[in-house]
Amino acid sequence: MAKSSPDRNIALEMVRATEAAAMAASRWLGRGDKNGVDGAAVGAMRVVLNSVAMDGVVVIGEGEKDNAPMLYNGEKLGRGSDPAVDIAVDPVDGTSLTASGRQNAVSVVAFADRGSMYDPRHIFYMQKIATGPEAADVIDINAPIGDNIRAVAKALGKRAEDVTVVILDRPRHEDLINEMRAERVRIRLILDGDVAGALSTCKRDSGIDLLVGVGGSPEAVISACALKCVGGNMQCKLWPRDKKEADRCRDLGMDLDKVLTLDDLVASDNVYFAATGVTDGDWLSGVKYVGDTILTSSLVMRSKSGTIRYVGAEHKYKKLESYVNDVDY
């Protein structure tokens, strides 16, 4: 008999994983060692995910780009029982942000029905455009950036020059940034963390209306899971770094011209998403240390119900010994 889809609400079990990863990563805050940040978070998250009653397979993980020995693409997690789920993880979206003590680093994990998550396989980057519910129906990744800005502005009932766009601060975006400046739009350049950037388009008081640019393929799928839960929208196109990568994608039957919709990125309508702040950000507060207590701020969402829960938690050091034994906190 086939294993069932995730009908029970396993959101709090997911939060335990993001909390563990966030707390582990936070110990490396500002130390300048992003590999230390990532390693601590990966180990802590894996310990917790393996304790969950599920039959999980990592579809979006640390993968080839990070040469990771844990939470790699294809790794099986959980106790092997129902439900059967695809798993997308980013133990720290913003390792460099955490290593340099900057804002908007989060730990995230998403679950969906088995076989429903897009597997980017041998391509590490995608071109992206994402926005919140109010402008979900007006974005077009093939349209000029100015057209998208004006369409989003109209949907939001504001002037085009009052739209705020978030984009990774990368040399590959120089021309796009110049085009946006010619449109006199407001721009927020971020050093890392485009999952948080995409999600911020769905929070009215974040001040972010649109995310554009080229970012990681794994982060695109994770962002799609989050946006599906809150009613936002995202479109992507594969972005090979060189001819070799492009040829490999074609050999695998991957269409480089296809516009990947939200449903292409995660086909299920039963998606769970959890995030815990590592550092302070637009959505969540970062990990805090108060005496012998660790404070965390998380959110959990489910697309099927449309529910968003905010979870504030206090953790005692003594209760974290199971993680300490497996992970260098």
Side-chain angles (χ1 to χ4, degrees), residues 56-76 84-90 93 108 110-131 136 139-145 147-148 167-180 192-195 197-198 210-228 232-269 271:
V57 175
V58 177
V59 176
I60 303 296
E62 294 293 278
E64 298 171 66
K65 187 168 68 171
D66 300 297
N67 296 313
M70 297 186 292
L71 296 183
Y72 56 84
N73 297 351
E75 183 176 11
K76 293 185 177 181
V85 296
D86 284 348
I87 301 174
V89 300
D90 198 343
D93 176 44
V108 298
F111 291 177
D113 295 338
R114 176 66 55 80
S116 63
M117 286 186 187
Y118 183 84
D119 183 357
R121 285 173 282 180
H122 297 283
I123 188 160
F124 298 139
Y125 293 96
M126 291 186 187
Q127 179 187 354
K128 311 174 186 180
I129 185 168
T131 192
I139 56 173
D140 180 358
I141 197 169
N142 286 325
I145 186 61
D147 289 356
N148 276 294
I167 185 170
L168 287 167
D169 189 2
R170 300 288 189 271
R172 62 179 176 261
H173 291 148
E174 182 178 355
D175 290 343
L176 181 55
I177 291 169
N178 286 336
E179 288 180 46
M180 290 193 292
D192 204 349
D194 66 348
V195 173
L210 189 65
L211 173 136
V212 298
V214 173
S217 296
E219 289 83 358
V221 177
I222 295 171
S223 297
C225 291
L227 290 166
K228 180 160 278 196
N233 194 19
M234 185 176 205
Q235 296 175 2
C236 296
K237 295 177 75 173
L238 304 181
W239 194 82
R241 295 172 293 178
D242 50 37
K243 184 178 183 299
K244 180 180 178 180
E245 194 168 275
D247 290 342
R248 177 60 173 158
C249 288
R250 293 189 184 97
D251 290 343
L252 292 168
M254 302 169 78
D255 186 350
L256 299 180
D257 296 318
K258 177 180 173 61
V259 175
L260 300 172
T261 67
L262 204 61
D263 286 335
D264 290 321
L265 294 168
V266 56
S268 174
D269 289 324
V271 181

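Because the structure is predicted, anything quoted here is derived from the model rather than measured.
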Item to complete: Please round to the nearest 0.5 Å and tell me the distance separating atom CG of Asp194 and atom CD1 of Ile167.
Response: 10.5 Å

Worksheet entry | Test item: Asn178 side-chain N/O and Asp175 main-chain N/O as donor-acceptor pair under 3.5 Å | no

Fill in: Distance, nearest 0.5 Å, that separates CG of Leu227 from CG of Asn233
7.5 Å

Worksheet item: Is it true that Asp247 and Arg250 have a side-chain N and a carboxylate O under 4.0 angstrom from each other?
Response: yes

Discussion item. Which heavy atom of Leu256 sits nearest to which heavy atom of Ala246, and what is that distance?
Written reply: CD1-CB, 3.9 Å

Response to the item:
Smallest heavy-atom separation, Ala220 atom then Leu265 atom, equals O-CD1, 4.3 Å

Worksheet item: What is the distance from atom CG of Asp192 to atom CG of Leu168, rounded to the nearest 0.5 Å?
Response: 7.0 Å

Worksheet item: If you take all heavy atoms of Leu211 and Gly197, which pair is closest and at what distance?
Response: CD1-C, 3.7 Å

Item to complete: Kindly compute the distance separating CG (Asp119) from CG (Asp86), expressed to the nearest 0.5 Å.
Response: 9.0 Å

Item to complete: Could you walk me through whether Ser268 and Lys228 pass side chain to side chain contact (heavy atoms under 4.5 Å, CB included), step by step?
Response: CA-CA 9 Å; Ser268 174; Lys228 180 160 278 196; over 6 Å; no

Worksheet entry | Side-chain heavy-atom pair Asp269, Asp113 within 4.5 angstrom cut-off | no

Worksheet item: Does the side chain of Met117 come within less than 4.5 Å of Cys225's, by heavy atoms?
Response: yes

Worksheet item: So, for Val214 and Gln127, which heavy atoms are closest and what is the spacing to 0.1 Å?
Response: CG2-CA, 4.1 Å

Discussion item. Just so I know, are the side chains of Pro120 and Ile60 near enough to count as touching, which here means a heavy-atom distance under 4.5 Å?
Written reply: yes

Discussion item. Set out, in order, the CA-CA distance, both residues' side-chain angles and the distance that settles side chain to side chain contact (heavy atoms under 4.5 Å, CB included) for Asp140 and Asn148, then state yes or no.
Written reply: CA-CA 7 Å; Asp140 180 358; Asn148 276 294; 4.2 Å; yes

Discussion item. Please check: side-chain N/O of Gln235 versus main-chain N/O of Ile139, any donor-acceptor pairing under 3.5 Å?
Written reply: yes

Fill in: Inter-residue atom distance Arg172.CZ - Arg241.CZ, 0.5 Å rounding
10.0 Å

Worksheet, complete the sentence: Interatomic distance, CG@Leu176 vs CZ@Arg170, rounded to 0.5 Å, equals 14.0 Å

Worksheet item: At their closest point, which heavy atom of Val266 faces which heavy atom of Ala112, and how far apart are they?
Response: CG2-CB, 4.0 Å

Practice prompt. Would you indicate whether the side-chain heavy atoms of Asn142 and Lys237 approach each other to under 4.5 Å?
Written response: yes

Worksheet item: What are the two closest heavy atoms between Tyr118 and Met126, and how far apart are they?
Response: CE2-CE, 3.7 Å

